[in-house]
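Everything below concerns the one structure shown next.
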Protein chains: 2
Amino acid sequence: MARDLRMSRMLHVLIHMDRHVGRATSEQIAQMISTNAVVVRRMMAGLRERGIVSSEKGHGGGWQLACPLAEISLLDVYEAVGHPPLFNIGPQADPSPCLVEQAVDARLDATLAEAETRLLAQFAAITVEEVAQDFERRFEESGHAVPFPWHGATGE
Amino acid sequence: MARDLRMSRMLHVLIHMDRHVGRATSEQIAQMISTNAVVVRRMMAGLRERGIVSSEKGHGGGWQLACPLAEISLLDVYEAVGHPPLFNIGPQADPSPCLVEQAVDARLDATLAEAETRLLAQFAAITVEEVAQDFERRFEESGHAVPFPWHGATGE
DNA sequence: AGACATGAAACTTTCATTGTTACGTGATTG
DNA sequence: CAATCACGTAACAATGAAAGTTTCATGTCT
């Protein structure tokens, strides 16, 4: 596939969950992001480990936010979905015996590492709550268009 | 494959070419970076279009630097190899009708775009010559170990 | 007991990059 | 002018990572 969508999808889901009464099942969440329930469980496992969401089995079970959106940063989400590699470019992983390649790799790695540090700092500075407010603003400006256009509107 | 290696490989090749007497064939270059001559031609095509290297056909043909390394920035190389996508994360390409997803995507795109701008500015500020000097430093510090350890040392 | 929902393993599909083969064109040499 | 060398390009195969899918086990509520 093109790129790793987990962080984007997770943010999307978290904001929906914040507006969802009661628990949401993996199946319902899967419909929100047009995917499969198993994919949802896979993504959410990391968030549960970090106490961002909780899950319950059985009748009436499903997923629930375990803390307010204001206390979740984009960095938390990024790490919770498995901190996938940020960059699509860069040197190959294994070191080379060629001194030229070593110099190139070191310079490139250092430049990318610095960019990564800055980007992750940005992620740390943004809460999911802020993104939710972005949504609210869009909702107001749209004249209250139907905000969640998936088929059955499962209880929101 | 894992990530796009073209920029890293191109830098590696450019520095070797700078130390190569006469023209280097695609086959020789391919051995430097452990790949295939066709892959080399594919990568170099963009550099030729930008006047960074030139190629000649036939006997004694091959590739040659067309300008000094000091006049080539990492950004030039990045663009010459086709400016591949920088990031491995981010929202999916096609826009969604869901306002929540729109807000998430917009915020993420903006954050990544800012990071991309800064990283490309860094690339613009670094010349291939600087990286070549990194190599020279390593070469000195290594006690003049064999710098290009591919089998036949094809004329360097 | 039966229905519901997560947990997790295993497998398939999809997509981008890289690797490979094959053939055409131009240039040099004998 | 024929052979060889080397690039130019198209077409196809291999590889690897993320996402999609199937399947079964486990736990929970009615």
Side-chain angles (χ1 to χ4, degrees), chain A residues 1-10 12-13 17 20 22-31 33-49 53-64 66 78 81-94 154, chain B residues 1-10 12-13 17 20 22-31 33-49 53-64 66 81-94 154-155:
Chain A
M1 259 113 210
R3 5 188 218 180
D4 194 308
L5 305 175
R6 284 174 290 181
M7 183 180 175
S8 165
R9 284 177 155 178
M10 233 14 273
H12 184 178
V13 166
M17 286 176 72
H20 194 100
R23 297 198 179 86
T25 67
S26 303
E27 199 59 60
Q28 291 172 322
I29 295 173
Q31 290 181 353
I33 59 177
S34 304
T35 183
N36 187 289
V38 178
V39 174
V40 171
R41 294 193 192 108
R42 215 146 53 188
M43 282 199 312
M44 307 276 280
L47 296 235
R48 185 186 45 223
E49 286 168 16
V53 301
S54 62
S55 63
E56 293 294 337
K57 291 183 172 182
H59 245 120
W63 301 86
Q64 218 173 5
Y78 168 73
V81 297
H83 47 270
L86 274 183
F87 296 107
N88 186 47
I89 67 167
Q92 50 187 354
D94 49 302
T154 61
Chain B
M1 259 111 211
R3 1 187 219 182
D4 193 308
L5 304 176
R6 285 174 289 180
M7 181 178 176
S8 166
R9 284 176 155 179
M10 239 5 279
H12 184 179
V13 167
M17 287 176 71
H20 194 103
R23 296 198 179 85
T25 67
S26 303
E27 200 60 60
Q28 292 173 322
I29 295 174
Q31 290 180 354
I33 59 177
S34 303
T35 183
N36 188 289
V38 178
V39 173
V40 171
R41 295 194 190 107
R42 214 148 53 189
M43 282 198 313
M44 309 273 282
L47 296 234
R48 186 186 46 224
E49 286 168 15
V53 300
S54 63
S55 63
E56 293 295 338
K57 290 182 172 181
H59 247 116
W63 300 87
Q64 219 173 6
V81 296
H83 48 269
L86 274 184
F87 296 106
N88 185 46
I89 66 167
Q92 51 187 353
D94 50 302
T154 61

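Letters A, B, ... mirror the listed sequences (proteins, then strands); counts begin at 1.
Within the 4.0 Å cut-off from OP1 or OP2 of D:dA19, at least one side-chain nitrogen or oxygen of A:R6 is found. Between B:S55 and D:dC7 there is no side-chain N or O to OP1 or OP2 distance below 4.0 Å. Between B:R3 and D:dA17 there is no side-chain N or O to OP1 or OP2 distance below 4.0 Å. Distances shorter than 4.0 Å separate none of the side-chain N or O atoms of A:T25 from OP1 or OP2 on C:dC4. Distances shown here put every side-chain N or O of B:R41 at or beyond 4.0 Å from the OP1 or OP2 atom of D:dG8. Applying the 4.0 Å criterion to OP1 and OP2 of C:dG19, one finds that B:T35 has a side-chain N or O inside that range.
Taking atom CD of B:E27 as the reference point, atom P of D:dT4 lies 18 Å away to the nearest angstrom. Atom CE in B:M44 sits roughly 15 Å away from atom P in C:dT18 (whole-Å rounding). C:dT17 atom C1' lies 16 Å from atom NE2 of B:H83, rounded to whole Å. Look at CZ on A:R48: it is 14 Å from P on D:dG27, rounded to the nearest Å. We find that CD of B:Q92 is positioned 14 Å from C1' of D:dG20, with the value rounded to whole Å. In this structure, B:I29 atom CD1 and C:dT18 atom C1' are separated by 17 Å, rounded to whole Å. C:dA16 atom P lies 19 Å from atom CZ of B:F87, rounded to whole Å. Rounded to whole Å, atom P of C:dT6 lies 13 Å from atom CE of A:M43.
Heavy atoms only, all atoms of each residue included: A:A30 and A:A37 are closest at CB-N, 3.6 Å.
Residues A:H59 and B:S26 each lie close to DNA chain D; by heavy-atom proximity, the contact nearer the 5' end of the strand is made by B:S26. Each of A:A37 and B:D4 was matched to the nucleotide of DNA chain C holding its nearest heavy atom; the match closer to the 5' end belongs to A:A37. If you find the closest nucleotide of DNA chain D to A:G58 and to A:L5, the one lying nearer the 5' end belongs to A:L5.
Residues B:V39 and B:R9 form a side-chain contact, since some pair of their non-hydrogen atoms from C-beta on lies under 4.5 Å apart. Side-chain contact between A:M44 and A:M17 is present, with at least one heavy-atom pair separated by less than 4.5 Å.
A:D4 places no side-chain N or O within 3.5 Å of a backbone atom of B:I89 that could act as its donor or acceptor partner. When atom types are taken as modelled, the side chain of B:R6 and the backbone of B:V81 share a donor-acceptor pair closer than 3.5 angstrom.
Within 4.0 Å (heavy atoms only), A:E56 reaches sugar-phosphate atoms of the nucleic acid but no base atom. At a threshold of 4.0 angstrom between heavy atoms, the contacts of B:R23 with the nucleic acid are absent.
In this structure, the nucleotide among D:dA10, C:dG2, C:dA27 sitting nearest to the side chain of B:V38 is D:dA10. Of the candidate nucleotides C:dT6, C:dT17, D:dA18, C:dT17 has the atom nearest to the side chain of A:N88. When distances are taken from the side chain of B:K57 to each of D:dG20, C:dT25, D:dT26, the shortest belongs to C:dT25. In the set C:dG7, C:dG26, C:dG19, the nucleotide with an atom closest to the side chain of B:N36 is C:dG19.
Side chain to side chain, A:T25 and A:W63 fail the donor-acceptor criterion of an N or O pair below 3.5 Å.
A donor-acceptor contact under 3.5 Å links the side chain of B:R42 to the base of C:dG19.
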